[in-house]
Structure formats: structure tokens, C-alpha cells
Amino acid sequence: MEPTLTDTAILVRSLRKQQGSFALHDLDITVPTGLVTGLVGPNGAGKTTLVKSILGLVRCDAGTISLFGSESPTDAAVHDRIGVVLDQVSAAPEWRVRSIGGYVGLLYRRWDERRFRELLDRYGVPLGNRVSELSRGQSVKLSLAIALAHEPELLVLDEPSSGLDPVARRDLADTIREFVLDPGHTVLFSTHITAELDDLADHLVVLAGGAVAYEGGVDELHERFAVARGAGPLPDDARAATIGARHDTSGRWEGLIRTRDTAAFGPDVVIDPATTDDVVIHLAEQSRTTRTEIPA
């Protein structure tokens, strides 16, 4: 059943985007309202291209993208409802932190300078520093303060924790948890570090080779998939049930399987629960030969 506009923050349908030799292939994605949706996949899977398409920063070749029911993400009314953290701070390198609100705040009707200063203080971002003088962690925290200071309903983060130390990653996770305490708030969190989403994400979109390899609940993913490991050649029925099989030099193999196919494997095959990382790795392996979505 097609999601309604009231329970969907972002709706992507039949999205196509070609960039050189890389392409996003007919993506259908739903980001439910009130949840943290993790957008995961290996480097080069298309995560940043998809995020920039959603934000209207790149033009799609085909398909539609709706945010809060509107297909115009650059409309002022939609723009005000979105907080964004990209890989670079949306402030000039020469600006001092204390002055940023005077510039960026002009872009938002609900900019709250007091809230901005409170966030900077909480995150420990030095007010007197220029943007160019901030560390990677301080830059991410500044971006978060900018994103949250205008009371957004949707927070979009593209690889925000890349290069952060463990303490900064914990602070980022705490901020996301606090944000979604409001049932009207939604997060789209793009990352290639799947462990970050284990305690954060409710919903998951796995991209592999520019296509959606999985979309659904995190719990459902762990229930649907397992990892099989064995030695020697794979029997035909087991080979057909194995997704993204990988072999090492000793003749051992491992692959992703659907839990319903466990019976296809003999007693010498070890079957373990699949982590999110396992799913991403093997779906990416599968995408090298096919870009069809893994069947349910």
C-alpha cells in the first residue's frame, strides 16, 4: 500500500540519475515520519548522490521526489522544515563562529539565535574561532547547531561522523536520539559505517551499485537474513540460495542467505545471525553481477 503524506517525510519514486559511468537506477524509497532511517552502503553506492537529489542540489534525470508532500524541495516552506549536515560547513571559512547566526539566520524564518548559542556552548565550539580553524569534530558540531537552530522537522545527515573520534560520535548519536523524541521529527542518516546505526535506526535503506538492495525495518532485516559459512564447493541448491558468496584462498566460503533457506545447507555449514555489515557487504558483492533487488 502506498504510504500517505501524513506518515511519510520523503517519498522517492523511479529516481534515475546518471553521473559519468555511475547511475542511480529507478530508486523507490520511503522515509517514514517519526523514525531514524539509515541510508547505508559501500563507498560509491550512490548515497551522497541520492541525498543531494533529495535536497535539490543535483537535478534528477527521471522520477519524482516529495518532501512533506511537496515536489519542490527548494520552496521556502519546505526549506525551513529541513536541517542539513553535509561534509562541509555551510559557512564561509573566514567567518567567526559567533557571527554565523547573523548571516545564516537570514535564510530561515524560524531562526533562533539563542538556541544556536546554546548548542554551540553545549558542543564546545569556540565562538572566537574562524570556520577554517575548526577541527573536523568541531565543524560537524557547528553544522549540527546550524541545522537545529531553526527548529526543523527533518534532519538530513550525509556521512556526518566520518573522521570523528569516539566521543564526538557519541555526542552526535545523543543529539539524534533527543531530536526524534518528538514524534513529528524524522532523521535520514547516510553512512558507510553500519555500526553507528545499530542503536539508532528504525528503518534501513541499503544501496548497492546504485540500486536499492533492501528497504525495511532493522529488526526485519536481521530476521530475514543469516550468514552461511563452509568449505569446499557449494552444492547447486545451496549456491542458488546464497547471496554475494565470497571465497578465500583456503577454499572456504561465506555468503548471505535468507533464513527461510536454511534447510538447503547441510550440517557442515555454519549459519550465524547476519549483522547489518554482513548484509551490506554481501549485497554489494551481489550487485557486481546484478542490480536487481534481493527478493523478500
Side-chain angles (χ1 to χ4, degrees), residues 1-3 7-13 15 24-55 65-67 85 154-162 169 172-173 175-177 179-181 183 185-227 243-244 255-260 272-287 290-296:
M1 183 174 66
E2 186 74 6
D7 60 20
T8 303
I10 304 172
L11 193 63
V12 177
R13 289 293 177 262
L15 174 66
L24 294 176
H25 310 285
D26 297 316
L27 301 190
D28 288 335
I29 293 170
T30 301
V31 176
T33 300
L35 302 181
V36 177
T37 293
L39 176 62
V40 299
N43 289 329
K47 299 186 299 297
T48 294
T49 300
L50 174 58
V51 168
K52 289 185 175 180
S53 297
I54 289 170
L55 296 174
I65 300 172
S66 298
L67 287 86
V85 178
L154 170 64
L155 188 59
V156 178
L157 307 107
D158 185 29
E159 301 279 2
S161 55
S162 177
R169 288 200 301 271
L172 173 62
T175 296
I176 293 172
R177 290 190 186 97
F179 182 75
V180 292
L181 287 175
H185 286 176
T186 305
V187 175
L188 176 63
F189 188 127
S190 168
T191 181
H192 66 279
I193 307 173
T194 59
E196 294 179 328
L197 299 172
D198 287 344
D199 297 323
L200 279 177
D202 311 285
H203 189 76
L204 205 63
V205 176
V206 179
L207 288 187
V212 176
Y214 172 84
E215 181 182 356
V218 174
D219 292 341
E220 179 189 351
L221 178 139
H222 294 146
E223 291 170 1
R224 184 186 298 186
F225 295 111
V227 174
I243 303 162
L256 193 69
I257 66 169
R258 303 170 193 86
T259 51
R260 71 185 186 203
D272 294 316
T275 65
T276 305
D277 218 25
D278 289 328
V279 173
V280 170
I281 289 169
H282 291 290
L283 291 180
E285 187 73 20
Q286 182 84 348
S287 76
T290 176
R291 60 182 177 87
T292 57
E293 184 174 351
I294 302 303

Next on the checklist: For the backbone of L188 and the side chain of T37, can you confirm whether one donor and one acceptor N or O come within less than 3.5 Å of each other?
Outcome noted: no
Item to check | Side chain to side chain, L155 and H185, heavy atoms closer than 4.5 Å | outcome: no
Checklist entry - Closest heavy-atom contact between V279 and A274? => result CG2-CB, 4.2 Å
Next on the checklist: Quick check against the 3.5 Å criterion: does T259 have a side-chain atom that pairs as donor or acceptor with the backbone of E223?
Outcome noted: yes
Item to check | V180 side chain reached by L35 side chain, heavy atoms, under 4.5 Å | outcome: no
Checklist outcome for this item: Heavy atoms of V280 and G41 approach each other most closely as CG1-CA, 3.9 Å
Item to check | Distance in Å, D278 CG paired with L283 CG, rounded so as to fall on 0.5 Å steps | outcome: 10.5 Å
Checklist outcome for this item: Closest non-hydrogen contact found for D199 with R177 is CB-NH2, 3.8 Å
Next on the checklist: So which atom in T194 and which in T276 form the shortest heavy-atom distance, rounded to 0.1 Å?
Outcome noted: CB-CG2, 3.8 Å
Checklist entry - I243 versus R258: any side-chain heavy-atom pair under 4.5 Å? => result yes
Checklist entry - Side-chain contact, heavy-atom cut-off 4.5 Å: I29 with L50? => result yes
Checklist entry - Any idea which heavy atoms bring F189 and P160 closest together, and the distance? => result CZ-CG, 3.8 Å
Checklist entry - side chain to side chain contact (heavy atoms under 4.5 Å, CB included) between V31 and T8: does it pass, once the steps are laid out? => result CA-CA 6 Å; V31 176; T8 303; 5.9 Å; no
Next on the checklist: Testing D26, L27, L15 one by one against V212 for a side chain to side chain contact (heavy atoms under 4.5 Å, CB included), which residue passes?
Outcome noted: L27
Next on the checklist: Is there a side-chain contact between Y214 and R224 in this structure, where contact means two heavy atoms from C-beta onward sitting under 4.5 Å apart?
Outcome noted: yes
Item to check | T186 side, atom OG1; L67 side, atom CG - distance, nearest 0.5 Å | outcome: 10.5 Å
Checklist outcome for this item: Rounded to the nearest 0.5 Å, the NE2 atom of H282 sits from the CG atom of D277 at a distance of 9.5 Å
Checklist entry - Is a donor on one side and an acceptor on the other found under 3.5 Å between the side chain of K47 and the backbone of L39? => result no
Checklist outcome for this item: The ring-ring contact (aromatic ring centres under 6.0 Å, His included) partners of H203 (sequence neighbours excluded) come to none
Checklist outcome for this item: L197 and G38 have their tightest heavy-atom pair at CD1-CA, 3.8 Å
Checklist entry - Nearest 0.5 Å, what's the CD1-CG distance between I176 and L181? => result 12.0 Å
Checklist entry - Is a side-chain N or O of H25 found less than 3.5 angstrom from the main chain of A211, in a donor-acceptor match? => result no
